[in-house]
Undergrad: 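My structure is below; once you've seen it, I'll send some questions.
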Amino acid sequence: MITKKIEKAINDQLNRELYSAYLYLAMSADATAKGYKGAGKWFRVQFQEEQGHALKFYDYLQSQGAGVVLNEIKKPKGTWKSLFEMFESTLKHEQFITKSLNELMDLAVAGKDYATQALVQWYITEQIEEEANDVDILSMLKMAGSSTGTQLMIDKQLGKRGAAS
Ligand code: FEO
């Protein structure tokens with residue numbers, strides 16, 4: 001059983017996860033259209049992961065007998081200047097997601113809601129890995145600079161990412 005306040009906060013987070021999925025699908029389309037097939041695949045896998053994150057909140061709400069409220073999903077940007085800009089936006093977005101998850105945790109702690117705390121801890125741990133991956137990719141892209149050959153090598157590497165679990 002969760003409070004109405006936590007129910008609303010989880011539904012808001014569910015919407016942010018769906019927006020994340022939408023954003024990464026837009027990046028996947030743009031990267032592929034620009035010839036970066038590896039990055040296109042990387043973002044497609046990320047799109048699937050975000051759908052999984054949204055569904056985990058969805059299932060939790062239902063397990064608690066709480067209501068699922070699906071709100072409008074904001075339209076994402078459609079084009080990015082470079083792979084570097086794409087991953088820069090990704091890191092910035094994930095930092096925003098981490099902040100919103102921390103706020104959700106604050107609410108759960110204040111309400112002594114231990115079940116929600118356990119759930120949100122899973123996401124917070126996941127965020128450490130997501131941000132670290134983005135930082136690694138960004139530093140590789142930074143080193144590549146304007147070298148198309150090196151960018152294509154990085155793109156090939158990104159394409160090796162396995163399917164979302
Ligand atoms: Fe759902 Fe990218 O965190």
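Residue numbers run from 1 in the order of the sequence given. Start at 1 and go down the list; that is how both ligands and their atoms are numbered.
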Undergrad: Look at Lys99 together with Glu103 and state whether they make a salt bridge at an N to O cut-off of under 4.0 Å.
TA: yes
Undergrad: Verify the distance test for Glu94 against atom 2 (Fe) of ligand 1: any N/O/S atom under 2.8 Å, yes or no.
TA: yes
Undergrad: Looking at His53, pick out the N, O or S atom nearest to atom 1 (Fe) of ligand 1 and give its name.
TA: ND1
Undergrad: Under 2.8 Å from atom 2 (Fe) of ligand 1 - does any N, O or S atom of Glu17 fall there?
TA: no
Undergrad: Looking at Glu130, which of its N, O or S atoms is the nearest one to atom 2 (Fe) of ligand 1?
TA: OE1
Undergrad: Does Tyr36 have its ring centroid less than 6.0 Å away from the ring centroid of Phe43?
TA: no
Undergrad: Are any N, O or S atoms from Glu50 nearer to atom 2 (Fe) of ligand 1 than 2.8 Å?
TA: yes
Undergrad: When you group the ILVMFWY residues by side-chain heavy-atom contacts below 4.5 Å and let the links chain together, are Val69 and Ile6 in the same group?
TA: no
Undergrad: Should the pair Lys77-Glu85 be classified as a salt bridge under the 4.0 Å nitrogen-to-oxygen rule?
TA: yes
Undergrad: Specify the closest pair of heavy atoms between Glu131 and Leu91, including all atoms of both residues, with the distance to one decimal.
TA: O-CD1, 3.9 Å
